[in-house]
There are 2 protein chains.
Amino acid sequence: MSDIIFSQSSPDKPKATTKPSISSGAQNILAAAEELFAQQGYSSISINAIAKQAGVSKANVFHHFETKEMLYMAVLQNASTEMSDLIAELDSGNGSASQQIGHYARQHLQNLFDKARVTQLILRELQQGDKDESFQLVRNTLNKNFTSIVNIIKKFQERGEFRQDIEAAMIATVLIGCNLFYFQTHSVLDSFPELAFAKDPDNYCKQLTDILLRGIENKNAEDRGSS
Amino acid sequence: MSDIIFSQSSPDKPKATTKPSISSGAQNILAAAEELFAQQGYSSISINAIAKQAGVSKANVFHHFETKEMLYMAVLQNASTEMSDLIAELDSGNGSASQQIGHYARQHLQNLFDKARVTQLILRELQQGDKDESFQLVRNTLNKNFTSIVNIIKKFQERGEFRQDIEAAMIATVLIGCNLFYFQTHSVLDSFPELAFAKDPDNYCKQLTDILLRGIENKNAEDRGSS
DNA sequence: TCGATCACTGACCAATCGGTTAGCCTCCGT
DNA sequence: ACGGAGGCTAACCGATTGGTCAGTGATCGA
C-alpha cells in the first residue's frame, strides 16, 4: 500500500537497450526467471515454476537455456548490465557540493527501488559470493557503483569542499551501504512505529545526506577537544 | 588468510547459555543445520545434507524435529536469542560521547563477525521477509538492536553532545546499516585494490565513526588542528 | 514446392526431495 | 530381571527435481 511511494520515478520510456537479437520467447522466460529468482532465490525456484510463469512448457525453457544454472547466469548478466547502465546515467546535478551529493544519493536510492528485482538479485549474490562466475558479475557491478561515486567525491576533495583525511572509498561505502540497507530493510523498519523515514525515502535521504555532510556532533556546544 | 583479523575477540569462555534441556543429539543437528542454512540458505540444503553433517541418519533428524521448516525455525529461534543476548551485553564504555559511539560501533561490528553464522541467517531472513513467524523473529532482533543504540544516542542528544535535529533512529540506521553492509560485502570489497579498510575492520570502524561524528564537509572556519 | 531450420510440446527418465514406518538397541525405574 | 521409553537406523514412499527425447507445426530460402 505505502509501497506506491517507492514506485517508478519516470513511468516507462521506450528503452532501446532491449536486445532484438534474443527471441521474444527467450525474453519471456528471462523475464519470468528474473522475477522469480529475485523473489525467492535460485534453489527455491523450479524450472517448472519459471515455465508456468512464462506461459511455456518446461522443455521449451531447456530449448533456450542449456541448464538451470545457465539460465540463472543469463538473468544475472542481464541484471548486471541493466544496473550498470543505470549507474552510468547517474548525474549529480550541478549545484553545490552538498546539493550534488544529496542529489546523487537520492537518485541512487531511486534506482534501487525502480529496479527492485535487479537490486534483489545482486544483493542475493552479494550474500554468499561463492560461485566463481556470478561473483565476478556482482563484483563488477558493485565496482562500477563505487567508481562512479568515488570519482565525484574525489572531485570535491580536490576542490577542498570535502575533507581529504577520509578515504573517498570510505565515504562511498557509507553512502552505498546505507542505501542498500535501507532498500533491503525498509519493509521491516516500517513496522517500528518510531521510524518516520521508513515510509519516506525522501526524508531518509535528506537526513542521510545531512549526517554524511555535517556529522552528528553538536558543534555549537563548547566541545572539549576529542582525543 | 586475512580472515584471521575478523576472528573471535575473546577466544572462548564457558557459556552458561547452553540449554541443558535439549539433548546432545538434537544439539548436533541444530548446529549442523545452523551452519549449512547460514551458508547456503533454506532451500539449497536438504535434510540429508544436515544429517550427514551432524553424523546421524536422516530419520533421526525427523525424530527430533517434525518437519524441515520446524528445524529451520528452531535454528532461527536459537540465532535470534543468541544475537539478542549479545546485544544486551553491549556496553559503550565510559569515555566521551565520541569515544562511546566509536566503542559501540566497533563492538557491534565485532559481534557480527564473531557470530557470523547467526548474522548471515538473520540477513537472509531480512532479505525476503515473507514468512510470518520468521519475520517476527528477525523483526524483534533488529528492533532490540535499534533500541539499544537509539537509547545511547538519545542520551547524548539530551546532554547536548549530539545534534537534536536528527532522529536518533536515523543515526542508528546509519550505524547498523553500514556495519551490516560491511559485514556482508567486505569479502567483495576486498578485491578492490583501493579499499584499504576492506581487510581492516578497525580502520573501517574508525573512519565510519569519524564520518558519523564530524561529517565529510570541510569546515574551514574551525581550526582546532587536531586529529 | 521442397526441405531444412526453428520454436515448441508431452511423455519420459534417474535422482533426489521431504517425510513415514517398523524395528533395533540401550538405558532406567521397578 | 523385566518392560517400557526414547534415541537411532535402514528401507521405503509418493512427489518433485533438473534434464532428455522424439516428434509436431510453422516459417522461410532456394
Side-chain angles (χ1 to χ4, degrees), chain A residues 18-78 121 124-125 128 130-134, chain B residues 18-78 121 124-125 128 130-134:
Chain A
T18 44
K19 297 179 185 175
S21 61
I22 297 182
S23 71
S24 78
Q27 284 282 27
N28 282 344
I29 296 172
L30 266 175
E34 177 181 282
E35 183 177 342
L36 293 178
F37 280 147
Q39 282 171 3
Q40 319 247 54
Y42 178 79
S43 35
S44 303
I45 296 301
S46 67
I47 296 285
N48 235 324
I50 294 171
K52 199 167 290 182
Q53 168 102 358
V56 298
S57 71
K58 183 174 71 162
N60 191 18
V61 175
F62 285 106
H63 172 70
H64 287 289
F65 304 92
E66 286 189 38
T67 65
K68 184 188 180 187
E69 191 145 352
M70 293 182 86
L71 167 59
Y72 181 72
M73 288 306 302
V75 167
L76 217 58
Q77 183 71 256
N78 252 22
L121 280 168
R124 274 221 159 72
E125 282 303 309
Q128 34 205 61
D130 40 1
K131 301 271 192 175
D132 252 6
E133 212 172 341
S134 63
Chain B
T18 44
K19 297 177 184 176
S21 61
I22 297 182
S23 72
S24 78
Q27 283 282 28
N28 282 345
I29 296 172
L30 266 175
E34 177 181 282
E35 183 177 341
L36 293 177
F37 281 147
Q39 282 172 2
Q40 318 247 58
Y42 178 79
S43 34
S44 305
I45 296 300
S46 66
I47 297 285
N48 235 323
I50 294 171
K52 199 167 290 184
Q53 169 101 358
V56 298
S57 72
K58 183 173 69 163
N60 190 19
V61 175
F62 285 106
H63 173 70
H64 288 288
F65 304 92
E66 287 189 38
T67 65
K68 183 188 179 186
E69 193 146 350
M70 292 183 87
L71 167 58
Y72 182 72
M73 287 306 301
V75 167
L76 218 57
Q77 183 71 255
N78 252 20
L121 281 167
R124 273 221 158 73
E125 282 303 310
Q128 37 204 59
D130 40 3
K131 301 270 191 175
D132 253 7
E133 210 172 341
S134 62

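Lettering of chains follows the sequences in order, A, B, ..., and the numbering in each one begins at 1.
- Between the P atom of C:dC17 and the CD atom of B:Gln40 lies a distance of 12 Å, rounded to the nearest Å.
- Only one option out of A:Asn60, A:Leu71, A:Ile47 pairs with A:Phe65 in a side-chain contact (heavy atoms from CB on, under 4.5 Å); it is A:Leu71.
- When rounded to the nearest whole Å, the span between CD1 of B:Ile45 and P of C:dC17 equals 10 Å.
- At least one side-chain nitrogen or oxygen of A:His64 sits closer than 4.0 Å to the OP1 or OP2 atom of C:dC8.
- The distance between atom NZ of A:Lys68 and atom P of D:dT20, rounded to the nearest whole Å, is 15 Å.
- Closest heavy-atom contact between B:Ile50 and B:Ala32: O-CB, 3.9 Å.
- Within residues 49-58 of chain B, the residues having any heavy atom closer than 4.0 Å to DNA chain D are, in order of number, B:Val56, B:Ser57.
- Rounded to an integer number of Å, the gap from A:Phe62 CZ to C:dA11 P is 18 Å.
- Summarising the geometry, the separation between OH on B:Tyr42 and P on C:dG18 is reported as 7 Å, rounded to the nearest angstrom.
- Annotation for B:Gln39 and B:Arg124: closest pair O-NH2, 3.4 Å, computed over non-hydrogen atoms.
- Summarising the geometry of A:Lys68 relative to A:Ile45, their closest heavy-atom pair is NZ-O, 2.8 Å, with the distance given to 0.1 Å.
- Distances from the side chain of A:Ser46 to the nucleotides D:dT9, C:dG18, D:dT17 place D:dT17 closest.
- Taking the six-membered ring for Trp and thresholds of 30 and 60 degrees, B:Tyr42 and B:Tyr72 have ring planes more than 60 degrees apart, a perpendicular arrangement.
- Judged by closest nucleotide on DNA chain D, A:Asn48 is the one of A:Glu66 and A:Asn48 placed further toward the 5' end.
- Taking both residues in full, the closest heavy atoms of A:Val61 and A:Ile29 are given as CA-CD1, 3.9 Å, listed atom of the first, atom of the second, then distance.
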Short heteroatom pairs, N/O only, protein and nucleotides 21-26 of chain C, under 3.5 Å:
none

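- Within the model, atoms CG of A:Asn28 and CD of A:Gln53 stand 10.5 Å from one another, a figure rounded to the nearest 0.5 Å.
- If you measure from atom CG of B:Asn60 to atom P of D:dG7, you get 9 Å, rounded to the nearest angstrom.
- OP1 or OP2 of D:dG7 has at least one side-chain nitrogen or oxygen of B:His63 nearer than 4.0 Å.
- When all heavy atoms of A:His64 and A:Gly25 are compared, the closest pair comes out as NE2-C, 4.3 Å.
- Here the CD atom belonging to B:Glu34 is positioned 10.0 Å from the CG atom belonging to B:Leu76, to the nearest 0.5 angstrom.
- In this entry the distance linking CD of A:Gln27 with P of C:dA7 reads 13 Å, nearest Å.
- In this structure, B:Ile47 atom CD1 and C:dA15 atom P are separated by 22 Å, rounded to whole Å.
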